[in-house]
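Scroll down for the structure; my scribbles are underneath it.
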Amino acid sequence: MNDIGERIRLDPSWKSRMGDYLQRDDMQALSTFLRERRASGARIFPPGPQIFAALDATPFDAVKVVILGQDPYHGFGQAHGLCFSVQPGVAVPPSLDNIYKEIQRDLGIARPGHGCLAHWAEQGVLLLNAVLTVEEGRAGAHQGKGWEGFTDRIVETLNREREHLVFMLWGSYAQAKGKVIDPRRHLVLKAPHPSPLSAHRGFIGCGHFSTANRYLAQHGMAPIDWSLPPPARIA
């Protein structure tokens with residue numbers, strides 16, 4: 001497993017379920033690809049210790065809500081392993097700003113002055129990108145290299161082993177990835193992507209955040225506090 005990114009941080013609850021998958025030939029090929037790209041001078045985001053940050057921040061049994069992204073931000077210093085989130089001190093990206101707009105519309109929570117979503121992850125919101133690495137200035141550079149199968153397995157395992165989770169699927173990519181989710185066991189919420197290109201076609205007004213909290217409460221779980229306190233710097 002240590003071949004895929006240096007100094008991996010992975011919560012034991014996930015390691016016990018996904019560790020064997022990381023030993024597969026396709027994942028070893030991905031590891032080789034990452035090493036070769038680094039050796040050629042490519043700058044890969046997020047940094048190695050943060051590649052699995054979503055799984056490390058939200059243990060398997062703590063997951064309540066799953067938000068699926070596509071791949072990490074490709075600007076320097078932005079990505080830190082949680083989808084839609086950026087490091088403290090980095091400008092809030094447009095898609096995340098639209099997420100904040102919808103939370104404000106839906107729940108009356110004022111938009112925070114930063115883009116770090118670690119507080120959500122700590123409460124049980126799994127912020128999972130389909131592809132866990134990218135190269136600087138090259139959106140989608142690591143698509144089709146093996147990450148998709150790994151994150152498909154994560155979604156399948158959550159669907160099978162857990163009940164009453166909320167899956168927020170924004171945009172066609174996330175909705176395709178969520179086809180394995182059983183809507184009889186979980187709440188599946190769909191909307192257009194929060195990108196400025198599509199947010200006003202139904203993401204703004206979707207009400208997903210209040211709907212998720214009502215569902216969690218109905219099934220005996222504490223709702224998510226969607227507000228965001230000032231963050232600590234992520235190591």
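Numbers for residues simply follow the sequence, beginning at 1.
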If we only count heavy atoms from C-beta on, is the [X] to [Y] side-chain gap below 4.5 Å?
X: Pro72; Y: Val134; answer: yes
X: Ile204; Y: Lys101; answer: yes
X: His164; Y: Leu216; answer: no
X: Asn213; Y: Thr211; answer: no
X: Asp11; Y: Phe60; answer: no
X: Cys116; Y: Gln87; answer: no
X: Leu158; Y: Leu126; answer: yes
X: Ile109; Y: Gln104; answer: no

Pairwise distance [atom1]([X]) to [atom2]([Y]) - rounded to 0.5 angstrom:
X: Ile67; Y: Ile99; atom1: CD1; atom2: CD1; result: 6.5 Å
X: Glu136; Y: Gln78; atom1: CD; atom2: CD; result: 10.0 Å
X: Leu132; Y: Gln50; atom1: CG; atom2: CD; result: 12.5 Å
X: Gln143; Y: Thr133; atom1: CD; atom2: OG1; result: 10.5 Å
X: His208; Y: Ile103; atom1: NE2; atom2: CD1; result: 12.0 Å
X: Glu161; Y: Glu156; atom1: CD; atom2: CD; result: 11.5 Å

For the pair [X] (side chain) and [Y] (backbone), establish whether a donor and an acceptor sit closer than 3.5 Å, ignoring hydrogens and angles.
X: Asn98; Y: Pro194; result: yes
X: Asp106; Y: Ser210; result: yes
X: Asp71; Y: Val131; result: no
X: His219; Y: Tyr215; result: yes
X: Thr58; Y: Val63; result: no
X: Arg201; Y: Leu197; result: yes

Worksheet item: For Asn159 and His186, what are the C-alpha separation, side-chain angles and deciding distance, and is it a side-chain contact (heavy atoms from CB on, under 4.5 Å)?
Response: CA-CA 8 Å; Asn159 175 66; His186 307 286; 3.3 Å; yes

Worksheet item: Shared ILVMFWY cluster between Phe203 and Leu107, side chains joined below 4.5 angstrom?
Response: yes

Fill in: Cluster link Leu169 to Val180, ILVMFWY, side chain under 4.5 Å
yes

Worksheet entry | side-chain contact (heavy atoms from CB on, under 4.5 Å) between Leu96 and Tyr73, intermediate numbers included | CA-CA 11 Å; Leu96 180 55; Tyr73 296 120; 4.3 Å; yes

Fill in: Step-by-step side-chain contact (heavy atoms from CB on, under 4.5 Å) determination, Leu128 to Ile154
CA-CA 9 Å; Leu128 182 67; Ile154 291 171; 3.8 Å; yes

Practice prompt. Count the heavy atoms of every other residue, nucleotide or ligand shown that sit under 6.0 Å from CG of Asp182, and state whether that count exceeds 12.
Written response: yes

Exercise: identify the closest heavy-atom pair between [X] and [Y]:
X: Glu102; Y: Gly207; value: OE2-N, 2.9 Å
X: Leu22; Y: Gln28; value: O-NE2, 2.9 Å
X: Lys64; Y: Ala222; value: NZ-O, 2.9 Å
X: Pro46; Y: Ala79; value: CB-O, 3.7 Å
X: Gly69; Y: Cys83; value: N-SG, 3.9 Å
X: Tyr100; Y: Val92; value: CE1-CG1, 4.0 Å

Worksheet item: When the ring centroid of Tyr173 is compared with that of His193, is the distance short of 6.0 Å?
Response: no

Worksheet item: Is Asp97 salt-bridged to Arg111, cutoff N-O under 4.0 Å?
Response: yes

Worksheet item: Can we say Arg43 and Glu135 salt-bridge, meaning some charged N sits less than 4.0 Å from an Asp/Glu carboxylate O?
Response: no

Fill in: Pi-cation contact, Tyr21 with Arg24 (under 6.0 Å, within 45°)
yes

Is there a donor-acceptor contact under 3.5 Å linking the side chains of [X] and [Y]?
X: Ser13; Y: Asp61; value: no
X: Thr151; Y: Lys177; value: yes
X: Ser40; Y: Arg37; value: yes

Discussion item. Using 30° and 60° as the class boundaries, would you call the ring planes of Trp226 and Trp120 parallel, tilted or perpendicular?
Written reply: perpendicular

Fill in: Intermediate values then yes/no, side-chain contact (heavy atoms from CB on, under 4.5 Å), Cys206 and Lys190
CA-CA 8 Å; Cys206 68; Lys190 299 179 181 181; over 6 Å; no

Worksheet item: Of Phe33, Phe150, Trp147, Phe45, which meets ring-ring contact (aromatic ring centres under 6.0 Å, His included) against His142?
Response: Phe33

Discussion item. Run Arg35 and Ser31 through side chain to side chain donor-acceptor pair (under 3.5 Å) and show every step you take.
Written reply: CA-CA 6 Å; Arg35 287 198 305 271; Ser31 176; 2.9 Å; yes

